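To start, the structure under review is shown below, and the notes come after it.
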Amino acid sequence: MIKIKNITKEYILNKNNSVKALDDVSFNIKEGELIVIKGASGSGKSTLLSLISALGKPTSGEIIVDAKKISKLPDNFASIYRRDNIGFIFQKYNLIPTMSVSENILLPLVPLNPHAKDMSQKLEMAMNMFHISHKRDVLVKSLSGGEQQRVAIARANVNNPKIILADEPTANLDEKLSLRFIEIIKELKILGKTIVIATHDPLFFGLDFVDTEIELSCGKLI
Amino acid sequence: MWKTDLMLLSPEVLTILILNMIFVFFTTIAFILSVKIVLKWDLNSTSSLQYSLENKSYLAATMIKYIFAVKVPLFLFFIFTLDKLSTILTGAMCGAGVVDATDYGNYLFVLKVINLYLFAYWIVLHNEDMKHENYPYTKMKFGVFIVAFVLLITELVLEGLMFGAIDLDELVDCCGTIYSSSGGSYISQVLSMNSSSLLSLFYGNFFFIILFYILKKKYLFSIANVVFIVISIISLIVFFGTYIYELPTHHCGFCFLQSEYYYVGYIIYILLFIGTFYGLVVGLINTSEKTRLQNYNISMIFNIIYVALLSAYPISYYIKNGVWL
């Protein structure tokens, strides 16, 4: 389902300096798989996720999702691909603190311009799934870390995407909340989502429902 | 020799010259990028060069799009500028006198009309390219831009030369002399055509446009529109213009752009441009069926309004006075 072929990503700092965040990385992810990408900070995990979500383009190589070369898509089509296929859980959630829980969750639906009834149904489903409906009108800045994370996950799922990408999802959580997050991921896997988690949290390593673990070091696959 | 007479550097001329400098700067950058894209573009490649070209194509296309989007309506501003300059040139009654005042004016004007269509065509081609995932027209549009760049620079040089060569102390011909059928110029030869033959050509051409619209023959429709541009302008000057001016000897394609005639010339030329431009686009760009139909309809609507407007002048004159001019 996701083919990563000879991906290299280089950031040019100036004329004489560049950083290779990814160096000739290749691997495949099957539909419905849960993959954990391990690696220290700076190993290229976040860069890889950004390329899979077509948030950026590689320097060379290609990424193919369901036979579509997403690394070659023009910007507007990349946005459509992201809108229709990707749910992204960011490390720092990237929620809008001055908006309520329901408003934050609804944001990915706005570009689709759906019918109000359809929007309302999706919102209710997402909030119920992640047990956050009782806080629907509360401003996000008033929520705890765990609650914010659930809002972030609900937002990532409101469009029912096929692929969930999570970048260091437990970086700001304690062990208890991290384990709760792992339970949520398990439920999403049961629903058939393809899930890619970039993390250096050892709680994710060796889990029985994780299909594959891969490790990046200095941009290379170990 | 460049004239520095302050009267010539009117606000309008200065605006044009400053904008031209900006256009040269950005289109030169776009030209360099376009050459690279045309020479090295390989959509199937996943090399760093191809990704770099894809990124650069956005930059170049954005620059070109905005410049051409300004250049198209700027043509009207150029016409307006010619009209204003005519008030300070001895002998000129309208923009025709300004165009004819130097060796460059006529060439510049013809080139501007060609570029008008070319720049608008590029914008439509670019918009069509952006509707598809696989960059179907990218290489073509940058190839077209390379040609457009050469013509644009030629136009800007000619424009500078024309404004620089205008001598305010020299008497210029007015439109009555320029468009006179008794003169020896090629314009005079064209304008000495018989009105009946010309009207047959004009309405005959329009009939074929309608026919090809109904039959949806896109290439013939486009060709008919190209011919219509030429025949329309000649008919406008030789025949229809005389009814706008209500004077059988007044042949001019510029005077009716003035306030005296309620600026009707701008409406006439805008209608002609839009009608014939979309007629051209039907045949020149492969679009979806829906878009093609839309372009057909826009072309027909504007051409019909154009013909109706022009025809209204002689008809209303006849109704008012009972005779033809």
Side-chain angles (χ1 to χ4, degrees), chain A residues 2-28 44 47-48 50-86 111 219-220, chain B residues 29-30 32-34 36-69 122-145 285-288 290-291 294:
Chain A
I2 302 175
K3 289 181 191 171
I4 292 149
K5 289 164 83 169
N6 305 109
I7 286 291
T8 295
K9 179 68 181 179
E10 199 168 343
Y11 294 103
I12 310 288
L13 302 173
N14 52 48
K15 247 187 193 173
N16 303 314
N17 255 326
S18 66
V19 171
K20 239 182 200 173
L22 292 170
D23 191 355
D24 197 26
V25 171
S26 297
F27 64 95
N28 295 337
T47 301
L48 184 55
S50 71
L51 294 181
I52 294 172
S53 61
L55 278 168
K57 292 205 175 189
T59 305
S60 63
E62 62 180 348
I63 297 179
I64 302 169
V65 177
D66 287 343
K68 187 176 271 196
K69 295 182 184 178
I70 59 135
S71 53
K72 304 281 277 167
L73 288 174
D75 273 357
N76 47 337
F77 288 96
S79 298
I80 294 169
Y81 157 76
R82 269 196 304 280
R83 182 194 71 191
D84 293 343
N85 295 285
I86 303 286
K220 285 186 188 291
Chain B
I29 297 171
I32 294 167
L33 294 175
S34 298
K36 284 184 187 171
I37 290 165
V38 168
L39 289 178
K40 298 192 177 164
W41 185 266
D42 177 8
L43 190 60
N44 293 323
S45 167
T46 57
S47 67
S48 56
L49 174 63
Q50 177 59 23
Y51 279 116
S52 171
L53 288 177
E54 286 170 22
N55 286 338
K56 284 172 181 161
S57 74
Y58 284 115
L59 174 64
T62 303
M63 284 193 284
I64 298 166
K65 182 179 82 171
Y66 282 106
I67 287 169
F68 285 175
W122 191 95
I123 293 172
V124 173
L125 186 64
H126 167 68
N127 287 341
E128 192 59 35
D129 190 34
M130 297 309 287
K131 287 181 190 171
H132 303 275
E133 284 181 12
N134 57 346
Y135 303 92
Y137 295 114
T138 296
K139 208 167 171 177
M140 179 181 167
K141 79 185 179 195
F142 286 111
V144 168
F145 173 70
I285 302 177
N286 234 359
T287 59
S288 65
K290 184 182 166 190
T291 305
Q294 206 171 9

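Numbers restart at 1 for each chain; the letters A, B, ... are given by sequence-line order, proteins then strands. Nothing here was measured: the structure is a model prediction, and the numbers come from that model.
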Trace of the side chain to side chain contact (heavy atoms under 4.5 Å, CB included) decision for A/Lys69 with B/Glu133:
CA-CA 10 Å; A/Lys69 295 182 184 178; B/Glu133 284 181 12; over 6 Å; no

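Here NZ of A/Lys9 is found 10.0 Å from OH of B/Tyr51. Values are rounded to the nearest 0.5 Å. Interatomic distance, B/Leu49 CG to A/Thr59 OG1, rounded to the nearest 0.5 Å: 12.5 Å. Note that OG1 of B/Thr46 and CD1 of A/Ile63 are 11.5 Å apart. Values are rounded to the nearest 0.5 Å. In this structure, CD in B/Gln50 is found 11.5 Å from CD in A/Glu62, a value given to the nearest 0.5 Å.
In terms of heavy-atom proximity, B/Ser47 sits nearest to A/Ser60 at C-CB, 4.1 Å.
Annotation: B/Tyr66, atom OH; neighbour count of heavy atoms from other residues, nucleotides and ligands within 6.0 Å does not exceed 12.
A/Asp75 touches chain B through backbone and side chain together, each having a heavy atom under 4.5 Å away. Contacts of A/Ser71 with chain B are made by both backbone and side-chain atoms, with heavy-atom separations under 4.5 Å. There is no contact between B/Ser52 and chain A, counting heavy-atom distances below 4.5 Å. Heavy atoms of A/Lys72 lying under 4.5 Å from chain B belong to its backbone as well as its side chain. Looking at A/Lys68, the atoms closer than 4.5 Å to chain B (heavy atoms on both sides) all sit in the side chain, from C-beta outward.
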